[in-house]
Amino acid sequence: MSWSLKLFTVRGIPIRVHISFLLIVGWAAYIGLSAGGGSWLRGAAFMVTFVVLLFACVVLHELGHSLVAQLFGVRVQDITLWPIGGVARMAKMPERPYQEFLITAAGPATNVLLTVGLGALALVWIGPGQLLRLVTTPWLLNRFLSQMDGQSLLLLLTANNAILALFNLIPAFPMDGGRLLRSVLAAFLPYPKATRTAALVGQLFATLIGTAALLAGNIMLALVGLFVFMAAWQERQQAITQGALAGLRVRQAVQPVGPRLHPLLTLSEAAAQAATSPQPAYLVVDGGRLVGLLTRGELINAMRRAGPTARVGSHLNRDVLQLRPDDALLAAQKQLQERGAIMGIVVENGQVTGTLSLLDLARLVDMLRAHPEALPRG
Ligand code: ZN
């Protein structure tokens, strides 16, 4: 169960809303209840309408990305609304930097268009003189917004679309601005280097935002800065790994098979063998036939729960990822991560010839960062 409800479909893209989104609607109703002044029902209705319309703008932002992506033949799986915003899941990013640039730019551009459109509407409905007084006089604006009518709703939506456009253009991952910067850099630099540089700029920005927010006592904004810093750090690590492993094959990193455990061994006997082996997981073999895998963590957990006399056979993992020596290392790493497996086996002509774990890959990346030509690429 995915905990999200499908609302409708646009050009084959299902628009979903995650169940936790209801929290935001509930929160908006609560804020409205206490802010409604004369009528709390009106306050709640106003805030809920505002939040729903604002998230409709977020859907339009994601649709902006998605429809341009479809133009370049990128398949869009779905768009899901979360309390923190919308996420469009795409099968892959296009190869060419200018395509990534246009797909990314389409999101904030949608909010700019919405700002202009809604702003023009406000200009007509509220009147230019009144609008000018409102945006230049804070107390008047406050009073105007607290009326909680159609005009104040329109003004709030206009302002929030402008904020969405600006916020998304901050040049840091995972914001659109970070991707725009990367695609511009990628026109001059190799892709992984462009990502590393863009991520570094993002971390710098996040540090600036975070520090300024802390000095101003704005804890929420400081947390946003921290979140952006971590996201940029992760993106940079991923780019470093991709740069290091690109063009390498599984056969260049395969590790010798460690101890082979029999399913009838006790966990304590297995632990004794594990003690002298560097592998993070062990093959469980019965009569020459592979029956599963037992990771070091699972062995420790099983001993805690079931005691040292329990058998290996009742705690093993039967779903083992099989890799081939000619598989690309990057693809192997992706498969391991997607399965949540820490180690896979390498099979050649029906025989297990070795293993490959995420730990092995991390060690290899460390080595290749010091000397990228340590292994031949092809
Ligand atoms: Zn976006």
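Counting convention: from 1, in listed order, for ligands and their atoms alike.
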For a 4.5 angstrom cut-off between non-hydrogen side-chain atoms, does Gln333 reach Leu336?
no
Going only through I, L, V, M, F, W and Y residues with side-chain contacts under 4.5 Å, is there a path from Leu294 to Leu358?
no
Environment of the Zn ion (ligand 1) in terms of protein N/O/S atoms, cut-off under 2.8 Å:
His61 NE2, His65 NE2, Asp176 OD1, Asp176 OD2
Are Leu54 and Leu164 packed together at the side-chain level, in the sense that at least one heavy-atom pair is separated by less than 4.5 angstrom?
yes
Val291 and Arg318: side chain to side chain contact (heavy atoms under 4.5 Å, CB included), yes or no, with the steps?
CA-CA 6 Å; Val291 288; Arg318 288 177 196 279; 4.3 Å; yes
Could you tell me if Thr195 and Arg182 have a donor-acceptor pair between their side chains, going purely by distance under 3.5 Å?
yes
How about Asn301 and Arg304: do any of their side-chain heavy atoms sit closer than 4.5 Å?
yes
